[in-house]
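Notes to accompany the following structure.
Numbers restart at 1 for each chain; the letters A, B, ... are given by sequence-line order, proteins then strands.
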Amino acid sequence: MIEVKSLKKYFKTKDGMLHAVDDVSFSVNKGETLGLVGESGCGKSTLGRTMIRLLDATGGSVLFKGTDIMTLSNREMKQMRRKIQIVFQDPYSSLNPRMSVMDIIAEPLVVSSVFKHASDREAKVLELMDTVGLARRLARTYPHELDGGRRQRIGIARALALEPEFIVLDEPVSALDVCIQAQVLNLLKTLQKEFGYTYIFISHNLSVVKHVSTRIAVMYLGKIVELVDAGELFKKTQHPYTQALISAIPLPIVDSHRDRIILEGDVPSPVNPPAGCRFAGRCRYKMERCEAESPVLAETPGSSNGHSVACFIPQ
Amino acid sequence: MAKQQGNMLDVRNLVIRYELEESTVHAVEGISFTLGYGETLGFVGETGAGKTTTALGLMRLVPSPPGRILSGEIIFEGEDVMKKNPEQMRIIRGRKISFISQDPMTSLNPVMTVGRQIGEMIELHSQLTKKDAVERVKEMLSLVGIREERMNDYPHQFSGGMRQRVLIAIALACSPGLLIADEPTTALDVTIQAQVLSLMRDLKNKFDTSMILITHDLGVAAETCDKVAIIYAGRIVEIANTRSLFLDPRHPYTVGVFGSIPSMDKNQDLLDAIPGLMPDPTDLPPGCPFHPRCTYAVANCSKEVPELEHIGATHGVACPVCGLRGIKR
């Protein structure tokens, strides 16, 4: 359904080019959830925004059902946006505080002039509120009167208003407490089953990503380092960074007896990143070649389900 | 140093409220617990459950007004903290009890070098000469894994994880008996969190410090704590040593929180989410604060506030329905 090819997004900074997303390629199948996971600053949100043209790409293409959306005119893009929506991370700052719940959810319908009559539009909004589990009596309240979970439901209802096919979920539950997070995750899964949405689910939380995703892409410093079926990522981890990331998750169990890999140092700056593998500086398997040459994301020989990894010495 | 016997801290029936013009926030509604020497206790709960207010209350740092400690005893090393005057409190804070706050970005002074910020603490609370204090600063920095040359750098020159290390160095500079850490790794990425937690564990053992760790993450609690208190709407609903809490949770809320966490080994379709929301602390329901969301509630649950009852030597549950018989899962 979606094919991202060599997508790049650089930002100019006074110290040089910041390589936020650097030559990333992958595809998303219809009806699946692709999880995009990585630590802060790895470029996952920038990738999510660039691939739906909320940011202008520095290079590369994104095919949505065969059409390259990077080359569409503004008018064509406006039509395309009805099919492609996004839910933002922060339910506190992504809703206009001066608009009522009704107006926020109705806005995409107004912008795309879907309904002639205001009464039809309002009926649609109330229906959407039912869908996402917001009580209809809240239609005239304002975001500040509501808790984070309800606000995130508004953001979801707004994204669903135009009956999209593809939704980018950018850390949709990160600002929520675990109990509310569970409610919202259940809602997203139920909606997908009912309406067949295709999701990109961006998160820094591996257990959440594992729970919702069909396949998972792990990002490090602007690049995808590993891409595979959600279950396999945890059973047959191949990239040293993914291994460290998985081992660092604190699990809510006792007697786990895991070997923990504690990475030293911090993620290097994405401004003028080093040549070679970007993880080399923190990698315990580093060889000379890793610092000279940048490994390309490629399917590992003998894998039946397209397990791809960007490493010269996959584990 | 031989481990001291008995309890370092004994908190009895602590009640803290924020009295606002139009309403009263019932932040802490009668919390009691004990903490042994060298022990780590976790406070786990959702935003607004009263974890941070309880911690601030222990040091009498609840902002007043509007906050007020209505009642309760806080016996720290045999003396009631509530009876100390401001001068005595200043000596306790920093030297005997110190605090690490959640946000490493805003709790350091941006116009002061990190060396000065650690040194400030040492000069306030010890008799060391300036020269010895500088030596101590260097020693603290190397203990938390920062090169001593960096003592003349400013906070903005450090990453989030490094700043949290600086806060740890400040907190431990005077070898306090009790360290209260409020979500010390919440603002950090998971690989950096692993570094900081392992550092905290090592230093805690080295200095033989007791610790209260506030977190919303049961995973962090499982790894770090000897015992865990689950806090809901200003009350401890369950408290137990970490093993029994994780292997045999009894309170319906505790069980609900476990059900809400996506599992790493099982494939689940939907999570067992708890319906509804935590009650508004200005308008708590009568009886058990959890009863409106509880599937096991009986008529009496809306009438009487359940007391924490011991179901084992180290396991207390505030639920007369499920405490003893547990919940089949």
Side-chain angles (χ1 to χ4, degrees), chain A residues 37-42 133 146-150 173 175-190 193 204-213 220 230-231 234-235 241 244-256 258 260-267 269 282, chain B residues 44-49 145 158-162 185 187-199 215-224 232 241-247 253 256-278 280 293:
Chain A
V37 70
E39 296 179 274
S40 16
C42 73
L146 305 173
D147 63 278
R150 289 209 180 97
V173 295
L176 308 177
D177 272 311
V178 56
C179 299
I180 308 298
Q181 169 180 301
Q183 295 174 357
V184 173
L185 289 176
N186 283 352
L187 170 68
L188 290 170
K189 273 200 151 183
T190 313
K193 251 184 249 165
H204 66 278
N205 185 327
L206 259 176
S207 31
V208 167
V209 167
K210 174 183 178 276
H211 175 71
V212 299
S213 306
Y220 187 79
F234 295 87
K235 281 189 214 118
Y241 174 64
L245 198 61
I246 292 175
S247 90
I249 309 171
L251 293 181
I253 47 173
V254 283
D255 309 330
S256 63
R258 291 185 295 166
R260 170 152 291 176
I261 307 161
I262 293 194
L263 288 180
E264 292 191 9
D266 283 309
V267 182
S269 162
R282 301 170 82 194
Chain B
V44 178
E46 292 172 73
T47 315
F158 290 83
S159 65
M162 295 288 260
T185 57
L188 307 176
D189 274 313
V190 53
T191 59
I192 308 297
Q193 165 169 289
Q195 292 174 357
V196 172
L197 285 179
S198 110
L199 172 73
T215 177
H216 65 275
D217 187 334
L218 275 169
V220 171
E223 267 180 19
T224 321
Y232 183 80
N241 75 50
T242 308
R243 268 189 78 82
S244 22
L245 190 97
F246 282 76
L247 295 177
Y253 175 68
V257 174
F258 276 109
S260 296
I261 305 172
S263 156
M264 286 302 274
D265 358 284
K266 276 184 290 182
N267 285 319
Q268 307 148 284
D269 186 19
L270 294 181
L271 299 164
D272 298 323
I274 309 172
L277 300 170
M278 197 162 72
D280 178 352
R293 304 169 72 185

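Between B:Val220 and A:Pro250 the shortest heavy-atom distance is N-CB, 3.5 Å. When all heavy atoms of A:Asn186 and B:Ala273 are compared, the closest pair comes out as ND2-CB, 3.9 Å. When every heavy atom of B:His216 is checked against every heavy atom of B:Gly45, the shortest pair comes out as CB-O, 3.6 Å. Residues B:Phe246 and A:Pro252 approach most closely at CD2-O, 3.2 Å, considering heavy atoms.
Only the side chain of A:Lys193 has a heavy atom closer than 4.5 Å to any heavy atom of chain B. Residue A:Leu263 touches chain B through both its backbone and its side chain, counting heavy-atom pairs closer than 4.5 Å. Contact of A:Ile249 with chain B is made through backbone and side chain together, with heavy-atom distances under 4.5 Å. Using a 4.5 Å cut-off between heavy atoms, B:Thr242 touches chain A through backbone and side chain atoms alike. The contact between B:Ser263 and chain A is made entirely by backbone atoms, counting heavy-atom distances below 4.5 Å. Looking at B:Glu223, the atoms closer than 4.5 Å to chain A (heavy atoms on both sides) all sit in the side chain, from C-beta outward.
A:Cys179 contributes atom SG, which lies 8.5 Å from atom CD1 of B:Ile261 (distance to the nearest 0.5 angstrom). Of the inter-residue distances, the one linking A:Arg150 atom CZ with B:Leu277 atom CG reads 5.0 Å to the nearest 0.5 angstrom.
The choice from B:Asp265, B:Ile274, B:Leu270 that makes the most heavy-atom pairs within less than 4.5 Å of chain A is B:Leu270. When each of A:Ala244, A:Gly231, A:Ala182, A:Ser247 is checked for heavy-atom pairs under 4.5 Å with chain B, A:Ala182 comes out on top. Of the listed residues (B:Leu271, B:Asp217, B:Leu218), the one with the most heavy-atom contacts under 4.5 Å to chain A is B:Leu271. Ranking B:Gly145, B:Gly256, B:Ser159 against chain A, the residue ahead of the rest is B:Ser159, based on heavy-atom pairs under 4.5 Å. Between chain B and the residues A:Gln181, A:Arg260, A:His204, A:Glu264, the largest count of heavy-atom pairs under 4.5 Å involves A:Arg260.
With respect to B:Thr47, the side chain to side chain contact (heavy atoms under 4.5 Å, CB included) criterion is satisfied by exactly one of A:Leu176, A:Asp147, A:Asp177, A:Ile180: A:Asp177.
Using a 30° and 60° split on the angle between ring planes, A:Tyr241 and A:Tyr220 fall in the tilted class, from 30° to 60°.
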